[in-house]
Amino acid sequence: PPVEPAQLSIENTSLPLVGVLKLFPGITAGMAACFLRPPLRGAVLEAYGVGSAPDHDAALVGAFAQADSQGIVIVDVTQCRQGVVNLSSYSTSAP
């Protein structure tokens, strides 16, 4: 006899919304702020090298700070898949 297909089951997908933002030279505070607003609850930043971002851009840093103050969890990872990075050449590794 033919086998009956399994019943389709849909689960509640109201889990927190998390997105990925790839940083690049020239990204603006406006671009980041547009991405980093509710209903977003978490963001994975794909930064340069060992996790560097354009920290000289006060407006961009402010967009990340604003998101943090709204309770958006931000995690920083590297875009590099392989290779070697000199950690001492980045401001993120400075004491």
Side-chain angles (χ1 to χ4, degrees):
V3 176
E4 291 291 321
Q7 174 107 11
L8 176 63
S9 173
I10 298 175
E11 295 182 30
N12 182 352
T13 58
S14 62
L15 298 174
L17 181 61
V18 177
V20 177
L21 178 62
K22 186 178 290 266
L23 300 183
F24 56 89
I27 190 170
T28 66
M31 291 174 185
C34 189
F35 176 79
L36 295 166
R37 58 181 195 191
L40 191 76
R41 298 300 303 144
V44 177
L45 299 182
E46 286 191 358
Y48 323 136
V50 294
S52 303
D55 60 353
H56 60 280
D57 184 340
L60 182 59
V61 172
F64 295 134
Q66 176 66 29
D68 178 62
S69 72
Q70 292 176 333
I72 296 172
V73 176
I74 300 174
V75 177
D76 187 38
V77 299
T78 182
Q79 293 178 22
C80 298
R81 301 277 184 215
Q82 63 184 18
V84 178
V85 176
N86 181 357
L87 298 178
S88 64
S89 64
Y90 291 90
S91 62
T92 55
S93 63

Quiz item: From R37 CZ over to Q70 CD, what is the distance, rounded to the nearest 0.5 angstrom?
Solution: 10.5 Å

Self-check item: Separation of I72 CD1 from F35 CZ (nearest 0.5 Å)
Solution: 9.0 Å

Quiz prompt | Any donor-acceptor N/O pair, Q79 side chain to L23 backbone, under 3.5 Å | solution = yes

Exercise. With the side chain counted from C-beta on, respond yes when L21 and I27 share a heavy-atom pair under 4.5 Å apart, and no when they do not.
Key: yes

Self-check item: Results of side-chain contact (heavy atoms from CB on, under 4.5 Å) for D57 - residues two or more places apart only
Solution: A59, L60

Quiz item: What pairs of residues pass the salt bridge (Lys or Arg N to Asp or Glu O under 4.0 Å) test when at least one of them lies in residues 21-35, not counting sequence neighbours?
Solution: K22-E46

Quiz prompt | Heavy-atom pair of closest approach, residues L36 and A63 | solution = CD1-O, 4.2 Å

Quiz item: So, for L40 and V18, which heavy atoms are closest and what is the spacing to 0.1 Å?
Solution: CD1-C, 4.1 Å

Self-check item: Shared hydrophobic cluster, F64 / F24 (ILVMFWY, side-chain heavy atoms < 4.5 Å)
Solution: yes

